[in-house]
Amino acid sequence: MRNRLHSICPYFAMFPEEFVREHVEAHTHPGDYVLDPFSGRGTTILESLLLGRKAVAVDINPVAYCISKAKAEHPSLVKVQSRLKELKTLWLSMEQTPWIQLRDQMDEFFHRAFFHSTLLELLFLRQELKWKSDSVDRFIAALVLGSLHGERDKSPNYFSNQMPRTISTKPRYSLKYWRKHKLWPHKRDVFGILLSRAEYRLNDTCPTINGQVEMVDARRVSETFSDLKGKVKLAITSPPYFNVTNYEEDQWLRLWFLGYAPKPTYRTISRDDRHGNKKEYWRFLKDVWQGIAPLMAEDGIFVCRIGAKGIDRARLTRGINSSIRTSFPHAEIIGTPAVSKIKNRQTESFHPNTIGCSYEIDYVFQLGRFSEPAKSTPHPVSQLATN
């Protein structure tokens, strides 16, 4: 049965919790360490914690970090209820003229995306929530990210005008879509929706232990968790697919809520979202595997779901195998890689005829002892998560 914490935010994910559960149960025991260097929405870390494993993860994307860490260090329902009541009381007691002036200075997109009172409350929460340092505020921020935009015709719990729930469509396209379909935002009770969402998710069974999540580039995992060298039994992840998605662009509205630019940005947070050059892409993944290698136990297992646009399956298999063997010369693929087709992409209803990744492949490696890489020219550090 799916745990409700998984649905804090429908951030685009490349694998479901059943995928994680299957491999965690097959390759580890309670108390073992599980690692995800591309934490995404935290599927690996939450499912591992629910199964009694010690879980660690990193991600350079602030959206992914906020969501993953909210699941790894979830607060009690009582604390969330108390904080939401405190925030609402503070908001109602404040002089709203400065907030109205701030709202009125915003681009047309925001006025068409959110009802005027909803936007005021979002601006207030955007400034007030200390999501980087406080676990309760971070959990509330993650709830906001989950409700910030979505298909309002399917749920009254989305704050925005009609949008995809997984990605933030660009302002120009969104405005064109809303004008064409004569769509206007609906008024939303932001505090009420957040309280309801918190009660729904935190009334479910939650992990009894916390995990560790850091906002760090995957190539620096071993530096971040230096006390875990040789202790990780399982790494399970899904790196950015080749030439498929720009996560910084696709999550721009959620990034805005977390304090970043009020427009899509590119290669500002990450340079490795969407590689179009195969040589650079494989170099990037080799650097990541070298980054996690010191943490892996000698009998460690590596599970990877990956896809690509413009690389056939045979070449993708050769590429992932070669990249892993750079750090683990004796690594062997266990079983036959599982191939699955990607269908029912939500964005097709908003961007008809878009061409995305059509397949993904699951690989399981028995790693063996890792080999120290030769010294090479430092590579610019930055990447995003997809799982």
Side-chain angles (χ1 to χ4, degrees), residues 1-21 23-24 28 30 33-81 83-84 129-148 157 165-166 194-216 218 221 224-225 234-238 247 251 254 257-258 384-387:
M1 182 177 179
R2 189 182 192 213
N3 188 279
R4 293 173 183 172
L5 280 174
H6 277 298
S7 61
I8 286 178
C9 179
Y11 179 86
F12 189 73
M14 287 297 181
F15 50 68
E17 53 270 21
E18 292 82 7
F19 177 83
V20 177
R21 190 180 312 127
H23 289 290
V24 169
T28 67
Y33 279 99
V34 178
L35 164 69
D36 188 347
F38 298 99
S39 71
R41 66 170 186 167
T43 305
T44 294
I45 198 162
L46 176 56
E47 199 61 33
S48 298
L49 293 172
L50 287 168
L51 292 170
R53 277 60 171 178
K54 299 174 183 177
V56 298
V58 300
D59 205 297
I60 200 170
N61 185 330
V63 174
Y65 167 77
C66 179
I67 296 166
S68 297
K69 199 170 181 72
K71 294 177 180 181
E73 301 176 8
H74 64 87
S76 68
L77 176 57
V78 172
K79 288 184 177 180
V80 174
Q81 290 171 325
R83 178 59 170 153
L84 282 171
L129 291 173
K130 306 300 185 287
W131 61 272
K132 289 184 180 180
S133 58
D134 185 273
S135 63
V136 178
D137 277 17
R138 182 164 48 247
F139 191 86
I140 294 172
L143 291 176
V144 174
L145 297 180
S147 290
L148 189 60
N157 292 319
R165 68 184 182 276
T166 53
L194 293 177
L195 179 60
S196 174
R197 297 293 82 193
E199 291 172 343
Y200 174 77
R201 286 163 178 80
L202 292 175
N203 271 324
D204 203 355
T205 301
C206 294
T208 57
I209 57 175
N210 286 342
Q212 299 179 67
V213 181
E214 300 296 338
M215 192 157 62
V216 174
V221 171
T224 305
F225 301 116
L234 172 65
I236 178 168
T237 197
S238 185
Y247 296 95
Q251 296 301 321
R254 290 186 173 117
F257 180 77
L258 293 180
L384 276 189
T386 60
N387 59 313

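Since we're looking at a predicted model, the values are computed, not measured. These numbers come from the heavy atoms of this one structure, side chains and all, not from hydrogens, waters or symmetry mates.
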Can a donor-acceptor pair be found, under 3.5 Å and without considering hydrogens, that links the side chain of [X] to the backbone of [Y]?
{"X": "Ser7", "Y": "Arg4", "value": "yes"}
{"X": "Asn3", "Y": "Thr205", "value": "yes"}
{"X": "Asp59", "Y": "Tyr65", "value": "no"}

Exercise for the section: Please examine the side chains of Leu46 and Pro207, heavy atoms only from C-beta on, and report whether any two atoms are closer than 4.5 Å. Expected result: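 When only atoms from C-beta onward are counted, Leu46 and Pro207 do touch, with a gap below 4.5 Å.
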
Exercise for the section: Measure the shortest side-chain to side-chain distance between His6 and Glu47 over non-hydrogen atoms and say whether it is less than 4.5 angstrom. Expected result: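 Yes, their side chains come closer than 4.5 Å.
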
Practice task
List the steps and the verdict of side-chain contact (heavy atoms from CB on, under 4.5 Å) for Phe225 and Glu214.
Solution key: CA-CA 10 Å; Phe225 301 116; Glu214 300 296 338; 4.0 Å; yes

Problem - Those residues that, when tested against Phe19, pass ring pair (Phe, Tyr, Trp, His ring centres under 6.0 Å) (two or more places apart) - result: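 Partners of Phe19 under the ring pair (Phe, Tyr, Trp, His ring centres under 6.0 Å) test: Phe15, His23.
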
Handout entry: Given Ile236, Leu51, Leu234, the one that forms side-chain contact (heavy atoms from CB on, under 4.5 Å) with Thr28
Key =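 Filter result, single survivor: Leu234.
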
[atom1]-[atom2] distance between [X] and [Y], expressed to the nearest 0.5 angstrom:
{"X": "Ile67", "Y": "Arg254", "atom1": "CD1", "atom2": "CZ", "result": "6.5 Å"}
{"X": "Tyr200", "Y": "Leu5", "atom1": "OH", "atom2": "CG", "result": "10.5 Å"}
{"X": "Asp137", "Y": "Lys132", "atom1": "CG", "atom2": "NZ", "result": "13.5 Å"}
{"X": "Ser196", "Y": "Leu84", "atom1": "OG", "atom2": "CG", "result": "11.0 Å"}
{"X": "Asn157", "Y": "Leu194", "atom1": "CG", "atom2": "CG", "result": "9.5 Å"}
{"X": "Gln81", "Y": "Ser76", "atom1": "CD", "atom2": "OG", "result": "8.5 Å"}

Exercise for the section: For side-chain contact (heavy atoms from CB on, under 4.5 Å), just list the numbers for Val216 and Val221, CA-CA rounded to whole Å, side-chain angles, deciding distance to a tenth of an Å, and then say yes or no. Expected result: CA-CA 7 Å; Val216 174; Val221 171; 6.0 Å; no

How far apart are the closest heavy atoms of [X] and [Y], and which atoms are they?
{"X": "Ile45", "Y": "Ala72", "result": "CD1-CB, 3.8 Å"}
{"X": "Arg201", "Y": "Cys206", "result": "O-SG, 4.5 Å"}
{"X": "Ser39", "Y": "Ser68", "result": "OG-OG, 3.0 Å"}
{"X": "Cys66", "Y": "Ala141", "result": "SG-CB, 4.0 Å"}
{"X": "Phe139", "Y": "Val80", "result": "CD2-CG2, 4.0 Å"}
{"X": "Thr43", "Y": "Val20", "result": "CG2-CG2, 3.8 Å"}

Practice task
Just do the side-chain contact (heavy atoms from CB on, under 4.5 Å) check on Ile140 and Arg83 with the steps written out, would you?
Solution key: CA-CA 9 Å; Ile140 294 172; Arg83 178 59 170 153; 3.5 Å; yes

Handout entry: side-chain contact (heavy atoms from CB on, under 4.5 Å) between Arg41 and Lys71, intermediate numbers included
Key = CA-CA 9 Å; Arg41 66 170 186 167; Lys71 294 177 180 181; 4.3 Å; yes

Exercise for the section: Would you please name every residue forming a side chain to side chain donor-acceptor pair (under 3.5 Å) with Glu18, sequence neighbours left out? Expected result: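 Glu18: no side chain to side chain donor-acceptor pair (under 3.5 Å) contacts found.
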
Handout entry: salt_bridge(Glu73, Lys69) N-O dist < 4.0 Å
Key =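 Between Lys69 and Glu73 there is a salt bridge, with a charged N closer than 4.0 Å to a carboxylate O.
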
